[in-house]
Amino acid sequence: MEKLLQGKVAVVTGAAQGIGLEIARTLHQHGAQVVLADLDGDATARAAGDIATPDLDCVGAVCDVTAEDQVQTLVANTCRDFGRLDVFVNNAGITRDASLKKMQVADFDAVITVHLRGTWLGIREASAVMREQKSGSIVNISSLSGKSGNPGQTNYSAAKAGIVGLTKAAAKEVAHHNVRINAVQPGLIRTPMTAAMPPDVFAQREADVPMKRAGEPGEVAGAVVFLGSELSSYITGTVIEVGGGRYM
Ligand code: NAP
């Protein structure tokens, strides 16, 4: 049986670890050549080497998603090396949690910049190529935190809610070029990001999930493969929640 992404070329930002790494691995398992982009060149090269198979390439690339020239170079190099761009996943993210009382302007700006400017740059550069190609799918990783609002995450919840508005506005602009843009809102997922949470907070959040467990990065990746593939050919401007039933 033909794989869902056979012959496709994908880029994943923030792909050196966690959800991004698993998205890259799953896109590759479904037949895509994948460019893994992240801040740390050695880590992305190692991750790409682990995923690549003799018959299907995977490469690492250094890219800070907040830097316009680096995102432009990422997209240009992908097109130069692989000849096309079919799936672009805006996954890179950071947290700088603190109560309103303690959060500094720098914590607010850093989170807004990585998530919102980073995703906006990725959308702008990837969609420019895809509209010429007359096909493509962009997937933005938001968070259920952007829907529910999490205390201690006023910066992060604002950024993740912003990604939803950005997704819909951009999707409307490029839909008639056969370029689709959707978002995924993961709930509590077991990654290095959530490993930094105090264990009692993690356990409480897990207990609040109707499925009574945290999700695994591969379970987010499944939704991304669906949105990246032709299985979702008439779906754009939507948000898929991957949260074990949280906030139904
Ligand atoms: P993670 O383990 O911390 O991985 C995020 C990756 O993004 C890291 O490799 C990080 O590099 C990289 N990154 C940070 N800033 C970047 C930048 N400016 N340019 C390029 N790469 C950058 O986080 P994760 O849990 O896998 O999260 C992935 C995405 O899912 C994020 O957007 C996150 O907000 C979202 N999400 C996660 C959860 C969850 O429960 N884990 C839930 C909802 C949504 P460094 O390590 O060097 O900073």
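Both ligands and their constituent atoms are indexed starting at 1 by order of listing. Model, not experiment: these values are computed from the prediction.
Across all their heavy atoms, Ser229 and Arg180 have their closest contact at O-NH2, 3.1 Å. Between Ala171 and Thr236 the shortest heavy-atom distance is CB-OG1, 3.6 Å. The nearest pair of heavy atoms linking Gly244 to Val209 is O-CG1, 3.5 Å. Taking each heavy atom of Met248 and Pro210 in turn, the nearest pair found is CE-CG, 4.0 Å.
Protein heavy atom at the shortest distance from atom 40 (O) of ligand 1 is Ile189 N, 2.8 Å. For atom 37 (C) of ligand 1, the closest non-hydrogen atom of the protein is Ile19 CD1, 3.6 Å. The protein heavy atom nearest to atom 30 (O) of ligand 1 is Ile141 CG2, 3.4 Å. Annotation: atom 18 (N) of ligand 1 to nearest protein heavy atom, Asp64 OD1, 2.9 Å. Looking only at heavy atoms of the protein, atom 9 (O) of ligand 1 is closest to Asp38 OD2, 2.7 Å. For atom 6 (C) of ligand 1, the closest non-hydrogen atom on the protein side is Gly14 O, 3.5 Å. Summary of contacts: the protein heavy atom closest to atom 33 (C) of ligand 1 is Tyr156 OH, 3.4 Å. With hydrogens left out, the protein atom closest to atom 22 (C) of ligand 1 is Ala92 CB, 3.6 Å, a heavy atom.
No more than 12 heavy atoms of other residues, nucleotides or ligands lie within 6.0 Å of NZ in Lys102, so this atom counts as exposed by the packing criterion.
Looking at Lys147, its side chain never comes within 3.5 Å of a backbone N or O of Lys160 through a donor-acceptor pair.
The heavy atom nearest to atom 44 (C) of ligand 1, out of those in Gly93, Ser142, Gly118, is found in Ser142. Looking at Thr191, Leu36, Asn91, Val89 and measuring to atom 28 (C) of ligand 1, the nearest heavy atom belongs to Asn91. The nearest non-hydrogen atom to atom 48 (O) of ligand 1, considering only Val12, Leu39, Asp40, Leu21, comes from Leu39. For atom 38 (C) of ligand 1, the candidate residues are Ser143, Gly187, Ala159; the nearest heavy-atom contact is made by Gly187.
Side-chain contact between Asp81 and Val59: absent, with no pair of heavy atoms (C-beta onward) separated by less than 4.5 Å. Considering only heavy atoms from C-beta on, Thr194 comes within 4.5 Å of Phe202 through its side chain. Considering only heavy atoms from C-beta on, Val11 stays 4.5 Å or farther from Val75 through its side chain. By the 4.5 Å heavy-atom criterion applied to side chains, Ser127 and His177 are not counted as neighbours.
In Arg190, neither the side chain nor the backbone holds a heavy atom less than 4.0 Å from any atom of ligand 1. Residue contacts with ligand 1, taken as heavy atom pairs separated by less than 4.0 Å, involve Thr194 solely via side-chain atoms from C-beta onward. Contact annotation for Ile94 and ligand 1: only side-chain heavy atoms (C-beta onward) come within less than 4.0 Å of the ligand. Contacts with ligand 1 closer than 4.0 Å are made by backbone heavy atoms (N, CA, C, O) of Cys63 only, the side chain lying farther away. At a heavy-atom distance under 4.0 Å, no atom of Gln185 approaches ligand 1.
The CG atom of Asn140 sits 5.5 Å away from atom OG1 of Thr119, with the distance rounded to the nearest 0.5 Å.
Geometrically, ligand 1 and Val65 share a nitrogen or oxygen pair separated by less than 3.5 Å. Considering backbone and side-chain N/O of Gly20, none are found under 3.5 Å from N/O of ligand 1. On a distance-only criterion, Pro186 and ligand 1 share no N/O pair closer than 3.5 Å.
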(Q) Using the rule given for salt bridge (charged side-chain N to carboxylate O under 4.0 Å, His left out), can you reason through Lys8 versus Glu230, listing the C-alpha separation, both sets of side-chain angles and the distance that settles it, and then say yes or no? (A) CA-CA 11 Å; Lys8 304 290 186 192; Glu230 284 304 298; 5.2 Å; no
Q: Show your reasoning for whether salt bridge (charged side-chain N to carboxylate O under 4.0 Å, His left out) applies to Glu68 and Arg124.
A: CA-CA 10 Å; Glu68 181 178 27; Arg124 192 186 68 177; 2.6 Å; yes
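Under the salt bridge (charged side-chain N to carboxylate O under 4.0 Å, His left out) test applied with Arg190, the options Glu219, Glu216, Glu22 reduce to a single match, Glu216.
When each atom of ligand 1 is checked for a heavy atom of Gln17 under 4.0 Å away, the hits are 1 (P), 2 (O), 3 (O), 4 (O), 8 (C), 9 (O), 46 (O). The His115 neighbourhood of ligand 1 comprises atoms 32 (O), 34 (O), with distances under 4.0 Å to a heavy atom of that residue. Using a 4.0 Å cut-off to heavy atoms of Pro192, the atoms of ligand 1 that qualify are 2 (O).
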